[in-house]
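First listed ligand is number 1; within each ligand, the first listed atom is number 1. Note that the numbering runs from 1 along the sequence shown for the chain. On a predicted model such as this, the values are computed, not experimentally measured, just so you know.
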Amino acid sequence: MTQPIAHFNGKLLPLDQISISPLDRGFIFGDGVYEVIPVYNGAPLRAREHFERLQRSMDEIALTNPHTVDEWMKLTAELLRHHKGDQAVYIQVTRGAPDKREHVIPKGLQPTVFMMSNPMTTPSREAIENGVACVTSRDFRWEKCHVKSTSLLGNVLARQISADVGATETILFRDGFLTEASSSNVFAVKNGVVAAPPRDNLILMGITYDLVMQLARDGALKLDVRKVTEAEVRSADEIWLSSSTKEVLAVTTLDGKPVGGGKPGPLFKRMHALYQEHKARLARSTVAA
Ligand code: PDD
């Protein structure tokens, strides 16, 4: 089988020709950061914003960025020459491979850069029209959830709680307040107002979250960014998930109980339409460029 082309430390190579040291701190400690960028028929959505967030993640863990945002954009375009259609570009930068395992961060290490691209499946018509099931859990992750770290064991274990019961996501509460889901941001709608948890260290500041907020403002939806209680989520008229690959999805059952009327609500339908229009504009401007 022909191997997909990936990027490794400055070179484009077939995926199976890339090998990484077992001492790489990404492997040993999960000491690295990453991004996932959605690409619609060759056009990346908000790539610059993703690379700006990558920079913020690196700043948080004192990892020197081997590339400027413009260089990252160029590397992405080079990789995408080998991957057509709707794609999810994955970028990972780890601290690099020292010659021994030691917790203390070694000085002068060369970061390891890895990029790959995989076909992206956007949510099915069924999921858009009927919504998806979610379950809840206590948020047992660490206190630096704003860092898009490859140390994802907390997120993986949280996601598995929903996977085990055939649900789409696990919505998390910390100290009685909504944070996010295992790999998505969460919005709760009540009486026509869209509430979103604040941008703090307890959630990943989603690029899609920002886009949803922008579209809500442009579309004159009422927004309220504030701490949202668990009780509010459980009695919400609508709950939405957002992420680069899920776009925006309605949650129609939570822990087995219907959310609102058990169908995607009117504000979700409006937001979904705004999101699809935004994608269509992106496609038109890319064709024009
Ligand atoms: N996950 N919160 C968490 C914990 C996430 O992992 C993600 C994205 C989001 C949404 O962020 P964005 O809108 O920038 O995609 C929120 C990606 C898609 C992943 O890990 O595959």
Note to self: Looking at Phe27, I want to see if its CZ is surrounded by more than 12 non-hydrogen atoms of other residues, nucleotides or ligands under 6.0 Å.
What the structure shows: no
Next item on the list: Supply the members, apart from Ile207, of the Ile/Leu/Val/Met/Phe/Trp/Tyr cluster built from side-chain contacts under 4.5 Å; use none for a lone residue.
Entry: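 Direct or chained contacts put Ile207 with none.
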Does ligand 1 have any N/O pairs with the protein under 3.5 Å, and how far apart?
from	atom 1	to	atom 2	distance (Å)
ligand 1	1 (N)	Lys148	NZ	3.4
ligand 1	2 (N)	Glu180	OE1	2.7
ligand 1	13 (O)	Ile207	N	3.4
ligand 1	13 (O)	Thr208	N	3.0
ligand 1	13 (O)	Thr208	OG1	2.5
ligand 1	14 (O)	Arg53	NH1	2.8
ligand 1	14 (O)	Arg53	NH2	3.0
ligand 1	14 (O)	Ile207	N	2.9
ligand 1	15 (O)	Ser244	N	2.9
ligand 1	15 (O)	Ser244	OG	2.6
ligand 1	20 (O)	Tyr34	OH	2.7

Margin query: Give me each pair satisfying side chain to side chain donor-acceptor pair (under 3.5 Å) with a member in residues 3-16, each pair once, sequence neighbours excluded.
Written below: none
Please table the atom pairs, donor to acceptor, closer than 3.5 Å between any side-chain atom in residues 105-117 and protein atoms at least two apart or in another chain.
from	atom 1	to	atom 2	distance (Å)
Thr112	OG1	Asp24	OD2	2.6
Thr112	OG1	Thr94	OG1	3.4
Ser117	OG	Gln87	OE1	2.7

Next item on the list: Over 60° means perpendicular and under 30° means parallel, so classify the ring planes of Phe187 and Trp240, tilted if in between.
Entry: tilted
Note to self: Hydrogens and angles aside, do Ser243 and Ser184 bring a side-chain donor and acceptor to less than 3.5 Å of each other?
What the structure shows: no
